[in-house]
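All remarks here apply to the structure that follows.
Numbered from 1 within each chain, the chains take letters A, B, ... in sequence-line order.
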Protein chains: 2
Amino acid sequence: MPRAARRKKEATIVDIARRLRVSAMTVSRALTGSSEVSEKTRKRVLRCAKELGYRPNRWARSLVTQRSSILGVVVPDIAHSYFAEITRGIEEVADKAGYKLLLCHSCLDPRKEEAEIETLLGTRVEGLLVASEQPLSSPEVFLKLQETRIPFVLIDRFFPGRELPSVRVDDVAVGRLATECLIELGHRRIAHIRGPRLSPAALRYRGYLAALRKHGIPVNSEWIVSGSFDIESGRQAMLKLLDKQPRPTAVFAANDPMGIGAVYACRDRGLAVPGDVSIVGAGNIEGAHHPNPFLTTVDWPRAELGRAAVTVLLAILANPEHQHTRVEIFTPRLLSRQSTAQAAQRGGKGASA
Amino acid sequence: MPRAARRKKEATIVDIARRLRVSAMTVSRALTGSSEVSEKTRKRVLRCAKELGYRPNRWARSLVTQRSSILGVVVPDIAHSYFAEITRGIEEVADKAGYKLLLCHSCLDPRKEEAEIETLLGTRVEGLLVASEQPLSSPEVFLKLQETRIPFVLIDRFFPGRELPSVRVDDVAVGRLATECLIELGHRRIAHIRGPRLSPAALRYRGYLAALRKHGIPVNSEWIVSGSFDIESGRQAMLKLLDKQPRPTAVFAANDPMGIGAVYACRDRGLAVPGDVSIVGAGNIEGAHHPNPFLTTVDWPRAELGRAAVTVLLAILANPEHQHTRVEIFTPRLLSRQSTAQAAQRGGKGASA
DNA sequence: ATGCCTGCCGTTAACGTTATCGTCAAGAAA
DNA sequence: TTTCTTGACGATAACGTTAACGGCAGGCAT
């Protein structure tokens with residue numbers, strides 16, 4: 001039901017042309033800064049445009065130039081600081097390059113994500129940035145997307161076996177850093193709360209395994225449980241871990257919310273963090289450090305991730321034929337804080353429960 | 001330098017029309033769901049559209065319908081969870097109503113804000129949502145905006161004396177709640193860290209004054225200092241307050257980051273929170289409660305604020321002539337946590353670190 | 001038969017720009 | 001002089017879509 005909105009008509013290029021008794025083309029040239037106009041007429045046009053409150057209509061312009069100067073951004077949830085910071089980085093670079101952002105939510109729903117991408121294509125965005133830690137749409141969606149020849153860059157998305165243009169952190173290193181930090185503190189009974197399969201968390205898991213193996217620590221599958229990236233699932237997973245015999249003395253949670261959940265679970269059971277159990281998260285979410293930096297975690301530059309993604313996208317845009325798959329990988333670093341401590345001495349104050 | 005992007009041409013309505021040997025108009029009707037087509041041709045059109053991978057061009061459609069189904073959103077910084085949550089609420093309602101969001105950053109820069117608004121108008125957004133806790137553009141910008149007859153709703157913005165369409169929290173109540181909470185705990189020497197003038201913080205300040213007056217507590221201007229809404233300025237302000245004689249026993253900071261800064265300042269001076277000093281913030285930012293709810297604060301529903309803003313905007317949009325200034329005001333509530341305690345009384349809360 | 005709906009579809013003209021080519025005078029070059 | 005160049009501008013046709021109107025069958029009542 002397209003109801004025609006009746007509002008004051010915006011001034012057009014033709015209005016200016018009529019007023020100045022020149023052609024619309026001349027006005028267009030003057031406004032876009034073409035060299036084919038005399039300085040005198042340009043000044044007249046600019047003055048008249050200002051008087052009439054003229055604002056170039058980007059749709060009309062885009063229709064003929066085939067360029068929208070708009071990029072589409074799809075995130076699971078902008079209210080999550082992780083994606084908000086990425087988006088911030090995206091906006092920064094995009095703005096400098098003269099692009100605007102059209103923001104969409106995938107809501108962790110694969111169908112919604114696909115629908116949003118479809119809408120964005122209809123809006124003829126010049127490029128697409130799609131972020132999500134979770135395994136959403138299958139690779140097919142993006143392979144199909146590749147055929148439209150509209151450039152896109154994935155953020156934090158990992159498809160085993162398929163390399164698509166993307167920007168992400170070295171997730172294996174995330175898992176390795178977190179685990180090695182615990183090993184160096186003397187821990188040997190190190191548990192892991194996994195994230196969803198097919199997500200970057202799978203790589204963090206690999207990093208966890210690699211670190212253990214490297215230090216000759218046997219893997220105990222009893223100490224590996226799954227969560228779904230939120231606080232509550234972290235708590236549940238940790239409760240399960242605390243029931244195991246023997247009980248792990250340290251835990252690497254695949255992301256910070258689950259790490260926080262693990263802290264809660266310890267409190268529920270009357271265990272001290274880091275006195276009885278050391279906990280490491282991943283992601284350095286805001287909540288983990290104010291007003292008291294608490295959760296030890298692995299950090300990587302979120303805004304930088306966003307900036308890099310746009311940079312890659314702009315590069316593809318500037319050179320469409322040069323479209324070999326680019327993947328940029330960031331190196332994470334450990335933030336040692338207060339949820340980790342030296343492992344208890346054998347036979348000391350440790351394992352009582 | 002509009003460089004024509006050479007990519008595979010998208011299928012148009014005309015392509016479908018030619019293939020089916022009907023007119024473009026018929027195709028358009030079939031696709032937009034008009035009743036003026038037979039069911040048979042509609043099916044043929046839809047099938048052909050799918051085959052060709054047809055995607056309606058929103059620019060062209062908008063050009064003729066004069067509707068873009070796009071709303072402009074201007075926030076200071078999407079990376080701040082406060083605005084991220086508001087944006088989240090906006091997106092939710094906008095999405096349900098079939099609107100997309102064009103996201104812009106004002107970066108706390110009045111000129112940038114005005115420029116962004118100008119760009120958005122050029123993009124012919126159907127409406128505008130402008131948020132900021134800070135005093136940015138002068139009211140003139142919005143009075144001018146009102147003349148364009150493009151609906152807009154301000155979020156959290158307060159212009160003394162001028163009522164513009166807006167949605168905000170009852171900031172006087174924020175100040176009152178925070179201050180009365182401290183009074184009820186027995187505090188009498190209550191300081192205030194103010195935010196920038198002309199911002200909602202000015203109203204919180206009024207609430208602070210009102211609460212003191214109501215309880216017959218004299219106002220000590222020594223105990224009122226200014227900050228600029230960030231953690232560091234809160235710390236500086238608190239350091240000044242701790243040097244006063246007599247020293248306040250409680251502080252109401254006009255927002256959470258300053259409250260956190262105040263906590264830091266106390267630690268710098270070896271004072272316990274809440275043992276020696278009670279601190280209340282405002283805004284309930286994420287960082288204040290994980291993994292340990294700490295800062296007592298005044299909360300209001302951010303996402304709800306965003307949702308309400310769009311709802312107001314949509315109402316204006318649906319009824320342009322009915323454009324009397326609508327202002328919606330939310331009621332805040334106190335979240336009592338661990339940075340506040342009974343006055344002059346060593347409560348048993350030990351520090352965990 | 002005539003007139004009049006009604007359902008379906010086509011034609012034309014927008015919407016506001018810019019690309020492309022054409023024009024036309026003034027000046028330079030032959 | 002003539003011819004060519006150049007600078008400044010105009011006319012026309014796109015871009016992809018929909019609004020507004022017109023046409024034309026076929027069915028029904030007169």
Side-chain angles (χ1 to χ4, degrees), chain A residues 1-45 49 52-69 121-126, chain B residues 1-45 49 52-69 121-126:
Chain A
M1 38 206 75
R3 160 197 45 78
R6 257 322 133 236
R7 58 170 75 100
K8 203 168 76 182
K9 288 262 285 182
E10 293 269 347
T12 76
I13 226 172
V14 180
D15 297 327
I16 301 179
R18 263 200 294 265
R19 229 161 176 261
L20 262 45
R21 294 173 192 286
V22 296
S23 78
M25 200 53 228
T26 303
V27 178
S28 170
R29 278 193 271 251
L31 290 171
T32 51
S34 154
S35 60
E36 309 235 317
V37 231
S38 70
E39 212 39 54
K40 210 185 80 184
T41 37
R42 159 166 296 132
K43 285 211 175 107
R44 285 177 65 213
V45 168
L52 293 179
Y54 169 78
R55 260 182 291 267
N57 186 322
R58 287 178 63 153
W59 308 333
R61 182 175 286 181
S62 297
L63 196 55
V64 49
T65 60
Q66 303 285 44
R67 296 197 52 206
S68 63
S69 295
L121 294 183
T123 315
R124 301 299 191 270
V125 295
E126 288 190 48
Chain B
M1 40 205 78
R3 160 196 47 77
R6 257 323 132 236
R7 60 170 74 99
K8 201 168 77 180
K9 288 260 285 180
E10 292 269 347
T12 77
I13 225 173
V14 181
D15 297 329
I16 301 180
R18 264 201 293 266
R19 227 156 178 265
L20 262 44
R21 294 174 193 288
V22 296
S23 78
M25 198 54 225
T26 302
V27 178
S28 170
R29 278 194 271 250
L31 290 171
T32 52
S34 156
S35 59
E36 311 235 317
V37 230
S38 70
E39 213 37 54
K40 209 185 81 184
T41 36
R42 157 164 299 131
K43 286 214 174 108
R44 284 176 65 212
V45 168
L52 293 178
Y54 169 78
R55 259 181 293 267
N57 186 324
R58 287 178 63 149
W59 308 333
R61 182 176 287 181
S62 297
L63 197 56
V64 49
T65 59
Q66 303 285 42
R67 296 198 51 204
S68 63
S69 295
L121 293 183
T123 315
R124 300 297 191 273
V125 294
E126 288 189 48

Report task. Could you tell me whether the side chain of A:Arg61 and the main chain of A:Pro56 form a donor-acceptor pair under 3.5 Å? Result -> no
Report summary line: When rounded to whole Å, the CZ to P distance for the pair B:Arg44 and C:dC9 reads 9 Å
Report summary line: Between CD of B:Glu10 and C1' of D:dG16 the distance, given in whole Å, is 12 Å
Requested in this report: For B:Leu31 and D:dT18, give me the distance from atom CG to atom C1', rounded to whole Å.
Outcome: 12 Å
Report summary line: Residue set satisfying side chain to side chain donor-acceptor pair (under 3.5 Å) with A:Ser69, at least two apart, ordered chain then number -> none
Requested in this report: Would you kindly give the CG-to-P distance between B:Asn57 and C:dC15, to the nearest whole Å?
Outcome: 18 Å
Requested in this report: To the nearest 0.5 Å, tell me how far A:Arg44 CZ sits from A:Arg19 CZ.
Outcome: 11.0 Å
Query - Letter per nucleotide, 5' to 3', of nucleotides 5-10 of chain D [B base touched, S only sugar-phosphate touched, - untouched; heavy atoms, 4.0 Å] - result: ---SBB
Query raised in the report: So, for B:Asn57 and B:Trp59, which heavy atoms are closest and what is the spacing to 0.1 Å?
Result: OD1-N, 2.8 Å
Query raised in the report: For the pair made of CG in B:Asp15 and C1' in D:dC15, what is the distance, rounded to whole Å?
Result: 13 Å
Query raised in the report: Do side-chain atoms of A:Thr12 reach the backbone of A:Val14 as a donor and acceptor pair under 3.5 angstrom?
Result: yes
**Report entry** Gap between atom OH of B:Tyr54 and atom CG of B:Asp15 - 0.5 Å precision
**Finding:** 9.5 Å
Tabulate below the donor-acceptor pairs under 3.5 Å that side-chain atoms of residues 25-33 of chain B make, not counting sequence neighbours, or state none.
residue : atom : partner : partner atom : Å
B:Thr26 : OG1  : B:Ser23 : OG           : 3.2
B:Thr32 : OG1  : B:Ser28 : O            : 2.9
B:Thr32 : OG1  : B:Arg29 : O            : 3.4

Query raised in the report: Rounded to the Å, how far apart are A:Arg61 CZ and D:dA14 C1'?
Result: 17 Å
Query raised in the report: Where do B:Ser62 and B:Ser68 come nearest, in terms of heavy atoms and distance?
Result: OG-CA, 3.5 Å
Report task. Determine the minimum heavy-atom distance between B:Thr123 and A:Arg58, stating which atoms define it. Result -> OG1-CD, 3.1 Å
Query raised in the report: Of all the choices, C:dG16, D:dT17, D:dC15, which nucleotide is nearest to the side chain of A:Gln66 once you look at every atom?
Result: D:dC15
Query raised in the report: Can you check the A:Ile13 CD1 to C:dT17 P distance for me, whole Å?
Result: 5 Å
Report task. Provide, to the nearest angstrom, the distance between the CH2 atom belonging to B:Trp59 and the P atom belonging to C:dT18. Result -> 14 Å
**Report entry** Sugar-phosphate, base or nothing in reach of A:Ser62, heavy atoms under 4.0 Å
**Finding:** nothing
**Report entry** Counterpart residues, side chain to side chain donor-acceptor pair (under 3.5 Å), relative to A:Arg55 (two or more places apart)
**Finding:** B:Glu118
Give me the distances for all protein-to-nucleotides 23-28 of chain C N/O pairs that come in under 3.5 Å?
none

Query raised in the report: Is the side chain of A:Arg124 donor-acceptor paired with the backbone N or O of A:Arg67 at a distance under 3.5 Å, no angle test?
Result: no
Query raised in the report: Roughly how bent is the helix from C:dA1-D:dT30 to C:dA30-D:dT1 end to end, in steps of 10 degrees, with each end axis from five pairs?
Result: 60°
